[in-house]
Each structure stands twice: as C-alpha cells, then as structure tokens.
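The next block holds one structure in the form of structure tokens; read it before the comments.
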There are 2 protein chains.
Amino acid sequence: MVSKVNSREKILQTASRLFQLQGYHGTGLNQIIKESGLPKGSLYHHFPNGKEELAIEAVQYTSKFIEENLQKLMNEKEGPVEAIQAFIRDTASQFDNLEDIKGIPVGLLASETALISEPLRNACMQAFKNWQMIIAKKLIQNGYEKEEATKKGLLVNSMIGGGIMHSLTSKDKTPLLVIMEVIPLLIEKKG
Amino acid sequence: MVSKVNSREKILQTASRLFQLQGYHGTGLNQIIKESGLPKGSLYHHFPNGKEELAIEAVQYTSKFIEENLQKLMNEKEGPVEAIQAFIRDTASQFDNLEDIKGIPVGLLASETALISEPLRNACMQAFKNWQMIIAKKLIQNGYEKEEATKKGLLVNSMIGGGIMHSLTSKDKTPLLVIMEVIPLLIEKKG
DNA sequence: GTCTATATTCAGATAGAC
DNA sequence: GTCTATCTGAATATAGAC
C-alpha cells in the first residue's frame, strides 16, 4: 500500500523532530500520533516494540539527514576548514529566528538514554561515528594521517554538540560562532 | 529545627544528582523522595511550587559545587591552560569506572528545558555564565583583554559540555581527553 | 510541622471492533 | 489491516490525619 510507506515515513519524520526538540522522556507517543495525524494503532503496527524501537529509527532518520548535509558541504568546499565552518554556520543560522530551532541532532536523546538503554545509546553512538568519519575522510583527502584525522573528527563533533547545547540554552548563536572561529586553529593546513 | 535544614539539604543533594544523571523528565519526584528517604510532604513543604522550583534550586546547588572546584583549580595552578586541563582531566576521570558517572553538570537539564521553562533556562544559563566568568577572570589575570577572555571562557565551556556529552554516549573518556589536548592551541600565552 | 493516603492526569501499551 | 476504546501504572500534586 502507498499509505503504508507514507504512514511510516510520516511517523518517523514527526518523531525525529520532536525527539530532537523535546528529548526522549519529554516526547509522548500521544503527541507524535496527534501531530502526525495518524492513529495509535498505526504506530504500533509499524513499530511493534513501541517507543524505544521508534526512537532508534528516529535517531537513524535524523543521522542520515545530517550525514547528507555534511557530505554535501564536504564535496562543495575545497578544504576541510571551509566545509566545517560552513556546516557550523548553517547550524548556527537556525538561532536567527527562535521559531526555527530544530533541536540537538541526537545529543539530547543520547544524554538522556546513554545510561538506561543500550540499543538507543548504540544508535546515537553510531550516528556520532558516521559524522566523525565524514569529517575524517575529508581530512585524509587533504593530507592528514588517518589517526590524526579520526581524532580531529571526534574533536569537531564534540565541539559542535557542546556549541548547540549552549546556543540552545542562551537562545543565541554566539557559542556556535565562537567555535566556528577557532576551527582554523585546530585544523591546520597540511602538505 | 535541625531536621528542617537537613531535610532540605538532603532533598537538594539527591535531586541534583538524579537530575544530572537522568534529566528533568527522566527523574520523578517519587524517586527523589524514595532515595532521599524523606516523605513527599517534606518535599512540598520545602519546595511548595513543586518540581520546577526544586529543579531550579538543584541547578544552583550543582552550579555552586562546580564553581568551587573550578575556582580551586584556578587558584592552585599557575597558568590558565594548566588549570583548565586539570579540570577536564578531573571530569574525564569519572569515566574510568562506569559506576562513577555523575552525569552532565546541568547540560542535559538545560537542553531539555530551554524551550519549555524560562525560569529553568535562566538558572542553567546563569550556571554557564558563572563558570565562564571564573575562567575569564583567570585569563585576564594572565594578560588577556576582557573581551577575548570572555569569548575564550565561553568556548572552553561549550567544548567541555560537548565533550561530556560524547564521553557519556560512548562511555569512554577519549572525547574529553582530545579536548584537553587542544586547549594549549586555543589559550596561547600572553605577555 | 511531619508524614500518609488519595486525587487526578497522562504516560505507554493493548484488545478488539469493523 | 485500520482505527477506536480501554487498561494499567506512574507522574505531579493535594488534602488532611496526627
């Protein structure tokens, strides 16, 4: 059925948005079905194992979206510094209008569930690793050794996560912009 | 009454720990009273406005604790780089034994509530600002201009927040240690 | 003033009508 | 197979006994 794939996609889309904004415990299944316009039976049809299963798939859904954006910038920009700075600038721009805030890609959910759900923790960790790898690959293409590139990928990832957290709390993009500014100090030119 | 101040302190202590570990929505008042060993009436006696009021005070309680630790390191160490690195090393050490994980000082709660509670958001923002100021003050003492020092304080703060988040998710202190390593690149010597 | 028992709402989940 | 009505437990909060 066409309606079936659309229902599933619709639920994932809504769930991903709400989990990013409100977190795992802050988002109820009732809210997800209400905003997606689908009945509760549909949710449990597509995700028979309930909330945890839905959250894992929502994390992967969010992760893919970020991966595509990040990869696109890596392809467009000449060097890694420009690409990373462009990504941070795009992320920061959502704080220009407070209604545009999209949440923390998966960091909020990760922090909430790291100690209570191994499957969810693993899903979040995988998302982090994928983003890290995209950054590292670009660095390797630009003359970095693999080990150093991996480390810098982790560093940039952590910094952005913290920057979003602080920008969200202060409702001000300055924390992200300050991080963007120091990227050249951390990612020096090679070759 | 002696029991009164002790009850209040006991509740705050328990609540601070649980909010850091489990977040705002993940921590129930029932759990707080159960672990603190006090009846629910006592909680509502000391915090008549309920969970939100308790969380605000818990954030301030946590913040003070961090402030003291941070200030102590600033006093002990000669330069800001050493002091900041020592703070990150201490923070990272809690990931040596997974049972020792103490949570995210206020970052999890901040991320959860930034969009739903202005009083809580302000309490978290104030905590961030206090830590930022302690770092900035040390930098000024070491030759930094005020504006630059404030900016670096924000930067270090954001990085540590992201580092804790990633270390928590990966149950591995590496993210924090990588951040610790690059501090000298960001805080250069002055004068 | 300290504590217990209860009210009320809403969460996640399910059973069953159609 | 799709959707509705409902179950069960836990959440915050309150009322009132002692």
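Values reported hereafter were calculated over all heavy atoms of this structure, with side chains retained and with hydrogens, waters and symmetry mates removed. Within every chain, numbering begins at 1; the chains are lettered A, B, ... in the order of the sequence lines, protein sequences first and strands thereafter.
Shown here is B/Lys64, whose NZ atom has no more than 12 heavy atoms of other residues, nucleotides or ligands within 6.0 Å.
Contacts between residues 21-44 of chain B and DNA chain C, counted as heavy-atom distances below 4.0 Å, involve B/Pro39, B/Lys40, B/Gly41. Shown for residues 50-59 of chain A: residues whose heavy atoms fall under 4.0 angstrom of DNA chain C, namely A/Gly50, A/Lys51.
Judged as a ring-ring contact (aromatic ring centres under 6.0 Å, His included), and not counting sequence neighbours, the contacts of B/Phe128 are A/His166, B/Trp131.
Close to D/dC3, at under 4.0 Å from its OP1 or OP2, lies no side-chain N or O of A/His45.
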Q.
The test is salt bridge (charged side-chain N to carboxylate O under 4.0 Å, His left out); show your working for A/Arg121 and A/Glu118 and say whether it passes.
A. CA-CA 5 Å; A/Arg121 184 179 77 83; A/Glu118 277 296 298; 2.9 Å; yes

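Remark: P of C/dG1 and CG of B/Asn6 are 17 Å apart, rounded to the nearest angstrom. Atom CD1 in B/Ile11 sits about 12 Å away from atom C1' in C/dT2, given to the nearest Å.
When atom types are taken as modelled, the side chain of A/Lys77 and the backbone of A/Glu82 share no donor-acceptor pair closer than 3.5 angstrom. For B/Gln94 (side chain) and B/Ile101 (main-chain N/O), no donor-acceptor pair under 3.5 Å exists by modelled atom type.
B/Thr27 and B/Gln31 share no donor-acceptor pair across their side chains, judged by distance under 3.5 Å alone. B/Tyr24 and B/Glu52 share no side-chain donor-acceptor pair at under 3.5 Å. The closest side-chain donor-acceptor pair between A/Gln126 and A/Ser63, if any, does not fall under 3.5 angstrom.
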